[in-house]
Amino acid sequence: MNIREIVESMVSSVVRGKQEEWGLDKPVPVSLEIPRQESHGDFSTNAAMQIARHVGRKPRPIAEELVAALWAGDRSRRIGSLEVAGPGFVNITLSDDAWREILAHALAEGSRFGSSTIGGGRKVHLEFVSANPTGPLHVGHGRGAAVGDALGRILEFTGHEVVREYYVNDVGNQMDNLGRSLLARYRTECGKPADLPEDGYRGEYMVELARELRMEEGDRYADAPEEEVLPLFRKEAGDRILRGIREDLETFRVKYDRWFPEEELHVRGEVGDAVEELRRKGLLYESEGATFLRSQSMGDEKDRVLVRADGRTTYFAADVAYHRHKMRGGYSRLIDIWGADHHGYVARLRAALKALGGDDSALEILLVQFVTLVREGNPVQMSTRSGEFTTLREVLEEVGTDAARFFYLLRSYHTHLDFDLTLAKTQARTNPVYYIQYVHARICSIFREAEARGETLSEHPPISMLRLPEEVRLMKAVARFPDVVSEAAKNREPHRIPFYLLELADLFHAFYHQHRFLGETPERTQARLALARTVKTVVGTGLSLIGVTAPERM
RNA sequence: GCGCCUGUAGCUCAGGGGAUAGAGCACCGGCCUCCGGAGCCGGGUGCGGAGGUUCGAUUCCUCCCAGGCGCGCCA
């Protein structure tokens with residue numbers, strides 16, 4: 001039950017009804033906003049101004065007609081008052097009964113409150129993180145994980161069928177390089193000094209892996225010829241690193257439906273099939289021994305190589321095959337979440353999809369901007385020289401999963417993120433995640449106290465008792481939740497959830513200090529417990545949508 | 001040079017073409033015989049610059065300036 005949608009349809013049906021009378025040849029786009037100022041009502045529409053523009057009349061008389069029609073059409077008596085304001089706004093204030101209606105609804109729906117069917121059961125494919133298994137996840141991957149996982153939860157809650165996938169680049173040069181790097185470290189561990197490859201992976205984690213491998217296998221591979229043991233070392237390195245990635249994501253409470261190995265595309269011949277399909281369509285050409293896709297003619301900066309001169313396919317070719325595979329999976333949307341450093345890749349992938357199917361509109365690519373860790377107000381230095389970035393694991397160990405997820409989602413993914421480690425691990429009011437969780441814990445505590453006093457929330461609490469301005473304000477905040485969730489889903493913007501929760505928490509804490517839930521008259525206690533219950537539910541649901549726990553005690 | 005993202009309060013950031021632009025942090029001052037003080041109340045300066053579209057622009061468009069990130073037969 002989305003109050004904003006209800007009001008929106010009230011306005012648009014009235015406008016539709018008067019369309020002919022006003023001489024409108026087609027429906028005008030009408031917007032409904034929640035005014036900044038409370039005195040401007042609960043909702044405000046610019047419909048009269050939009051209509052006036054089309055019919056060449058003054059806005060205010062049209063607004064007056066709109067007001068009359070809205071009154072006439074309000075059979076459910078949800079309207080409290082209407083006024084024409086400013087240049088022609090119609091300000092709509094709902095009756096307290098309308099808000100209580102939502103509250104009753106929220107109470108009845110429980111943890112389903114806020115869910116919707118706007119997704120219409122459509123299948124959405126969500127690919128995120130997909131970091132190469134050549135090193136542990138770092139803080140940037142953490143942001144992609146937080147955004148992707150939250151978006152998945154939000155989309156499911158709004159009626160989408162979501163498949164979450166991690167694409168594992170377990171093929172190619174880098175894996176050879178990784179295997180060689182491990183072999184070199186292993187030999188060094190065995191006391192046979194060996195040099196890392198030119199562009200080898202020099203991170204400390206490779207030394208640890210080598211040590212681990214030697215513990216298990218001894219020195220048996222120390223003198224073996226490289227070509228003989230390389231496949232083994234490549235596999236060991238990839239598998240172990242991937243296992244670490246999976247563990248990190250599990251700790252971070254991020255779940256996938258499928259880990260999709262690139263190798264599978266090669267084994268099943270899908271990379272070759274994709275190339276052949278493009279060839280049949282006449283979109284490839286040979287130059288200097290390599291096979292190029294005519295991507296430039298489809299919006300890319302230049303043509304791209306699919307098959308190298310030595311016959312091996314490029315990473316790009318595999319990625320084209322992967323997206324071709326996804327396109328055939330019956331999804332209505334494919335959402336890719338990439339680090340901002342991959343943005344140069346967007347045009348070529350879109351070009352390839354256009355080449356394959358003529359349509360790339362199902363593909364959405366969300367580019368998540370970079371993360372800077374800040375401690376005590378200073379950026380945490382990352383040493384790129386040694387190949388060591390701050391890992392996601394280190395952050396999780398320092399601040400915990402709840403705080404990390406919350407902080408990652410407290411900014412729109414479009415902007416660079418300064419992740420304040422000091423604040424994130426503060427167990428005090430200044431830490432927004434505790435501030436919100438505290439609402440939940442505090443309400444649980446109220447219910448524990450109520451129970452101790454022999455008070456339980458009845459089946460049909462007298463919510464008509466709720467008429468103080470502070471009570472109504474809190475009801476309005478609760479009522480806004482479904483709209484916040486749908487907007488987060490439609491815009492693919494999980495950060496709207498934590499922002500909303502902060503506002504709700506503010507209102508709740510203020511209310512708590514101004515009024516008492518228990519110990520008033522029996523009716524009032526029941527009514528306020530009902531209010532507390534819905535706030536608790538909404539906070540719990542909101543936190544679950546971003547993958548943060550809602551503790552009963554703190 | 002070209003492309004993507006971003007310029008809003010001292011700092012970090014919200015703001016679906018609307019009316020008097022908000023929050024947290026930081027800073028200052030208040031509030032505990034009370035259902036949890038991990039809390040509450042009060043205190044204020046700002047849309048990078050220039051044009052354009054519009055009745056109306058922080059929001060959309062163009063240019064300029066600044067920051068971040070890209071521009072491989074690497075992945």
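In what follows, chains are A, B, ... by sequence order, proteins preceding strands, each numbered from 1.
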Practice item. Would you indicate what Arg553(A) reaches in the nucleic acid, counting non-hydrogen atoms under 4.0 angstrom: base, sugar-phosphate, or nothing? Key: base

Between protein and nucleic acid, restricted to nucleotides 6-11 of chain B and to nitrogen or oxygen atoms under 3.5 Å apart, what atom pairs and distances do you find?
none

Study note, to complete from the structure: Residue set satisfying side chain to side chain contact (heavy atoms under 4.5 Å, CB included) with Ala527(A), at least two apart, ordered chain then number -> Met465(A), Leu466(A)

Practice item. Could I get the full list of side chain to side chain contact (heavy atoms under 4.5 Å, CB included) partners for Val267(A), not counting sequence neighbours? Key: Glu263(A)

Practice item. Taking only heavy atoms on the protein side, list every residue of residues 284-303 of chain A lying under 4.0 Å from any atom of RNA chain B, sorted numerically. Key: Ser287(A), Glu288(A), Ala290(A), Glu301(A), Lys302(A)

Kindly give the atom pairs (protein nitrogen or oxygen, nucleotide nitrogen or oxygen) under 3.5 Å for nucleotides 23-31 of chain B.
unit_1: C25(B); atom_1: OP1; unit_2: Arg429(A); atom_2: NH1; d: 2.1

Exercise for review: For RNA chain B, determine which residues of residues 512-520 of chain A have any heavy atom closer than 4.0 angstrom to one of its atoms, and list them numerically.
Suggested key: Tyr512(A), His513(A), His515(A), Arg516(A), Phe517(A), Leu518(A)

Practice item. If a pair satisfies salt bridge (charged side-chain N to carboxylate O under 4.0 Å, His left out) and one of its residues is in residues 414-424 of chain A, list it, with sequence neighbours excluded. Key: none

**Study point:** For RNA chain B, the residues among residues 37-53 of chain A that have a non-hydrogen atom under 4.0 Å from it
**Key:** Gln37(A), His40(A), Ser44(A), Asn46(A), Met49(A), Gln50(A), Arg53(A)

Check your understanding: So which pairs with a foot in residues 529-540 of chain A pass salt bridge (charged side-chain N to carboxylate O under 4.0 Å, His left out), sequence neighbours left out?
Key -> none

Check your understanding: Residues two or more places apart in sequence or in another chain: which of them pass side chain to side chain donor-acceptor pair (under 3.5 Å) with Arg528(A)?
Key -> Glu471(A)

Point to revise | Dot-bracket pairing map - RNA chain B, Watson-Crick plus G-U, both contacts under 3.5 Å, | cross-strand | key: (((((((..((((....[...)))).(((((.......)))))....(((((..]....))))))))))))....

Practice item. Provide the full list of ring pair (Phe, Tyr, Trp, His ring centres under 6.0 Å) pairs with a residue in residues 511-539 of chain A, sequence neighbours left out, each pair given once. Key: Phe508(A)-Phe517(A), Phe511(A)-His515(A), Phe511(A)-Phe517(A)

